[in-house]
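First comes the structure, then the notes that go with it.
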Amino acid sequence: MPSTWSQVVLHIVFATKDRQPFIEDSLAPRLYAFIGGIVRDEGGSLWQAGGMPDHVHLLVRAGTDKSIAELVREVKARSSRWMHDEIGRTDFAWQKGYGVFSVSMSQVDAVKRYIQQQRQHHASQDFGTELRELLRRHGVEFDERYVD
C-alpha cells in the first residue's frame, strides 16, 4: 500500500502542575492557538481546545508519524517553553502524565460541546471528579493516589 490513511481522534486532558490556575481567560485563546500550531507541526490537527485555569482539554485528530506519547510530550514541552519565554510565566509547568481517550466520529460533536462547556461543567464538579468520571466512562483502570 503506497499511502497511509487514518482517522484517529483523541480527547486529551492534562493539568497544570499542582493544579495552579495559570491559564487566565485572557491567555487561554493564545495558548490554545499555540497548541494548535504544535499539533499541526506534529502532523495532526486540533479540532477543539478548552478548559479551566488549571487544566486543558484537547480534541485532536492525530497524525500517523508520531505516537500519542510523543504528541503529548511535544505539546506540553513546547507550550510550557512558550509560557516561560513569551508570556513570562517562568513558574509555569504542566503536571506529569495525562489522560487520553479515543473518540468515535459519531461522538466528535458531543466531545466538542463538552470541551466548549467547561465553565458550566465545573460550576458543579472539580477536576479530580471530572477526570475520575472520564476514566470510568472509558473503562480505564486507575489508582486513586494519582488522580488528585
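- Shown here are the side chain to side chain donor-acceptor pair (under 3.5 Å) partners of T16, two or more places apart in sequence or in another chain: there are none.
- Under the salt bridge (Lys or Arg N to Asp or Glu O under 4.0 Å) criterion, the residue pairs touching residues 48-75 are E42-K66, with sequence neighbours excluded.
- Looking at residues two or more places apart in sequence or on another chain, you find a side chain to side chain contact (heavy atoms under 4.5 Å, CB included) between S104 and S106, Q107.
- Here Y114 pairs with H121, E130 under the side chain to side chain donor-acceptor pair (under 3.5 Å) rule; sequence neighbours left out.
- Taking both residues in full, the closest heavy atoms of Y98 and A69 are given as OH-CA, 3.5 Å, listed atom of the first, atom of the second, then distance.
- Here the closest non-hydrogen pair linking V103 and L59 is CG2-CD1, 4.1 Å.
- Residues passing the salt bridge (Lys or Arg N to Asp or Glu O under 4.0 Å) test with R136, sequence neighbours excluded: E144.
- Applying the salt bridge (Lys or Arg N to Asp or Glu O under 4.0 Å) rule to R113 yields no partners; only residues at least two apart in sequence or on another chain are considered.
- The ring-ring contact (aromatic ring centres under 6.0 Å, His included) test applied to H84 returns no partner, not counting sequence neighbours.
- Here the shortest heavy-atom pairing between A49 and L58 reads CB-CD2, 3.8 Å.
- At a threshold of 4.5 Å between non-hydrogen side-chain atoms, the residues V72 and V100 do not count as touching.
- Residues passing the side chain to side chain contact (heavy atoms under 4.5 Å, CB included) test with S6, sequence neighbours excluded: V8, T64.
- Between F127 and M52, the closest side-chain pair of non-hydrogen atoms is not below 4.5 Å.
- Within the structure, the ring pair (Phe, Tyr, Trp, His ring centres under 6.0 Å) test picks out the following pairs touching residues 31-53 (sequence neighbours left out): F34-W82.
- Using the six-membered ring where Trp is involved, H122 and H55 have ring planes that are perpendicular, over 60° apart on the 30 and 60° scheme.
- Listed by chain and number, the residues in a side chain to side chain donor-acceptor pair (under 3.5 Å) with R119 are D25 (sequence neighbours excluded).
- For residues 85-108, the salt bridge (Lys or Arg N to Asp or Glu O under 4.0 Å) pairs, not counting sequence neighbours, are E24-R89, R89-D91.
- Looking at residues two or more places apart in sequence or on another chain, you find no side chain to side chain donor-acceptor pair (under 3.5 Å) involving R81.
- Taking each heavy atom of V147 and G128 in turn, the nearest pair found is CG1-O, 3.8 Å.
- Of all heavy-atom pairs spanning L10 and S102, the tightest one is CD2-CA, 4.3 Å.
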